There are 2 protein chains.
Amino acid sequence: MSRRSGVLEFAVLGLLRESPMHGYELRKRLNTSLGVFRAFSYGSLYPCLKTLVTNGWLIEESTGTAEDATAPAGRVVPSSSALGGRRAKIVYRLTPEGKERFEELLSHTGPDAWEDEHFGVRFAFFGQTSRDVRMRVLEGRRSRLEERLEKMRASLARTRERLDDYTLELQRHGMESVEREVRWLNELIESERAGREQRRPAEQDTSHDTGGLPRHRGSTRPDPSDDTAK
Amino acid sequence: MSRRSGVLEFAVLGLLRESPMHGYELRKRLNTSLGVFRAFSYGSLYPCLKTLVTNGWLIEESTGTAEDATAPAGRVVPSSSALGGRRAKIVYRLTPEGKERFEELLSHTGPDAWEDEHFGVRFAFFGQTSRDVRMRVLEGRRSRLEERLEKMRASLARTRERLDDYTLELQRHGMESVEREVRWLNELIESERAGREQRRPAEQDTSHDTGGLPRHRGSTRPDPSDDTAK
DNA sequence: AATTTCATGTAATTCGTTACATGATTCC
DNA sequence: GGAATCATGTAACGAATTACATGAAATT
């Protein structure tokens with residue numbers, strides 16, 4: 001049972017659902033796919049993998065070339081023989097129970113889902129999430145942020161004069177960041193709604209399809225001058 | 001000695017330097033002044049206060065009306081007698097050693113100073129920080145973020161095709177947030193520099209004066225349409 | 001041959017929260 | 001007189017990190 005970590009467990013299951021991987025690569029993916037929002041070290045990852053195995057959600061396989069990850073792979077037992085690519089050490093694969101578990105987590109809409117620590121990871125797996133859950137999470141997040149803005153405005157109004165310029169500037173910048181995220185959420189929610197309208201009110205309880213995200217022009221700039229390389 | 005918490009210790013010393021307070025109020029200030037960036041609970045605060053007392057950086061005083069906080073106050077011993085306002089329980093006051101300690105921390109420019117967890121609190125006390133330290137912290141933060149951008153761009157370029165729309169959107173939004181903070185830092189740095197130019201290159205090693213922050217027009221907007229309220 | 005990157009793990013520690021326990025004071 | 005908020009604490013737990021330990025494979 002052991003209530004191991006929310007976020008890390010979720011992310012690991014989610015990444016492994018896409019394809020089996022070994023720990024080292026998993027960690028890299030964790031720290032890029034989930035981007036700025038969270039970073040994990042081996043000290044967290046490996047123990048987590050162990051308990052997930054114990055829970056029967058993962059199985060350890062040995063090897064199969066790393067490039068071969070998406071192949072059928074009927075548990076290859078290596079015996080250190082001829083292998084094309086670099087040999088991987090321990091490859092973790094999601095069991096059917098693990099997949100079930102992940103789906104269960106995906107459908108959770110508890111109020112934690114839109115807290116800072118969880119929201120990023122939830123969003124990262126929206127591709128696997130049903131639209132109604134996506135909606136609830138986005139809207140939950142938005143009202144969470146609006147509530148926060150409320151408080152900030154109130155406390156700012158109460159204390160405005162007693163604060164020095166820097167504290168004030170910090171506050172201002174903080175609020176602006178939150179407001180910016182709210183606007184972002186508004187766009188996303190709107191385009192989710194638009195997506196819903198497009199498809200006819202036919203059935204399909206768990207329909208997984210993207211409502212078409214708001215296309216942003218320059219993807220954070222094409223960046224022609226990649227000088228500062230280390 | 002006991003290496004108690006960086007951020008919390010710093011913030012407590014900083015707030016108490018401005019005026020003595022009791023724990024309860026301290027905590028509120030902590031969670032508004034330092035705003036979105038950090039929140040603390042009593043479970044962290046009170047133990048921290050204790051060790052700070054042990055270290056000789058704070059002393060506990062009993063009472064004095066809460067409103068009276070800025071008065072001379074030569075350790076009032078209450079004996080539950082007639083007092084004007086609501087009576088406060090334990091008021092913490094910075095000792096000279098505590099003030100020294102805080103100043104020492106203020107001048108620290110270790111590479112942690114511009115990490116996510118520290119930067120906010122450092123900035124919040126820029127009013128008490130010498131300009132050259134301010135500069136180093138701001139510039140340190142900026143190059144930290146630029147380095148982060150670098151990595152994100154690289155990993156994005158490597159994996160662009162293999163990612164679904166939501167992951168991509170998350171990445172994009174993340175980068176945009178970081179870019180936005182960089183622009184903010186640029187403004188701040190520029191106005192710090194402008195401030196330096198204004199004053200003649202006369203001495204004063206530890207000169208504390210604000211270089212005049214960039215005035216932002218609408219302070220986070222007057223907010224005329226507060227519809228989406230919960 | 002040496003260094004870097006890949007790869008896996010453990011033990012101790014850090015930083016903080018939640019839940020609990022307690023009680024005074026103020027507001028309605 | 002009952003609820004809310006003020007006020008102070010403690011014990012148990014949580015989630016993740018750092019530093020350490022180890023070694024194989026690839027690159028230069």
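Quick caveat, the model's predicted, so the values are computed rather than measured. Letters go in sequence order (proteins before strands), and every chain restarts at 1.
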Under 3.5 Å, which protein N or O atoms sit close to an N or O of nucleotides 17-21 of chain D? Give each pair with its distance.
unit_1  : atom_1 : unit_2   : atom_2 : d
dT17(D) : OP1    : Ala39(A) : O      : 2.6
dT17(D) : OP2    : Ser41(A) : N      : 3.2
dT17(D) : OP2    : Ser41(A) : OG     : 2.8
dT17(D) : OP2    : Ser44(A) : OG     : 2.2

Rounded distance (Å) that lies between atom [atom2] of [N] and atom [atom1] of [X]:
X	N	atom1	atom2	answer
Glu25(A)	dT5(C)	CD	C1'	14 Å
Met21(A)	dT8(C)	CE	C1'	17 Å
His22(B)	dG23(C)	NE2	P	20 Å
Glu117(A)	dG16(C)	CD	P	14 Å
Lys89(A)	dT8(C)	NZ	P	7 Å
Leu26(A)	dC6(C)	CG	P	15 Å
Asn31(A)	dA16(D)	CG	C1'	12 Å
Asp112(A)	dA15(D)	CG	P	11 Å

### Message
When the axes are fitted on five pairs at both termini, how much does the helix from dA1(C)-dT28(D) to dC28(C)-dG1(D) curve, in 10° steps?
### Response
40°
So does [X] get a side-chain nitrogen or oxygen closer than 4.0 Å to the phosphate oxygens (OP1/OP2) of [N]?
X	N	value
Lys50(B)	dT8(D)	no
Lys28(B)	dT5(D)	no
Arg38(B)	dC15(C)	no

### Sequence-distant partners of Tyr92(B), ring-ring contact (aromatic ring centres under 6.0 Å, His included), two or more places apart
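Not a single residue meets the ring-ring contact (aromatic ring centres under 6.0 Å, His included) criterion with Tyr92(B).
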### Query
Among all residues two or more places apart in sequence or in another chain, which pass the ring-ring contact (aromatic ring centres under 6.0 Å, His included) test with His118(A)?
none
### Query
Which distance, rounded to the nearest 0.5 Å, do you find between the CZ of Arg122(A) and the CG of Asp112(A)?
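With rounding to 0.5 Å, CZ (Arg122(A)) is 9.0 Å from CG (Asp112(A)).
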With sequence neighbours excluded, what pairs up with [X] under the side chain to side chain contact (heavy atoms under 4.5 Å, CB included) test?
X	value
Thr159(B)	Arg162(B), Leu163(B)
Ser177(A)	His173(A), Arg180(B)
Thr95(A)	Ile59(A), Glu97(A)
Thr32(B)	Ser155(A)

### Query
Among dT5(C), dA16(D), dA7(D), which nucleotide sits nearest the side chain of Tyr24(A)?
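From the listed options, dT5(C) comes nearest.
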### Query
With a non-hydrogen cut-off below 4.0 angstrom, is Arg27(B) in contact with a base, only sugar-phosphate, or nothing?
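Nothing, no nucleic acid heavy atom in range.
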### Task
Would you please name every residue forming a salt bridge (charged side-chain N to carboxylate O under 4.0 Å, His left out) with Asp116(B), sequence neighbours left out?
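Here the qualifying residues are Arg141(B), Arg148(B).
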### NZ/NE/NH1/NH2 to OD/OE distance under 4.0 Å, Glu103(A) and Arg17(A)
yes
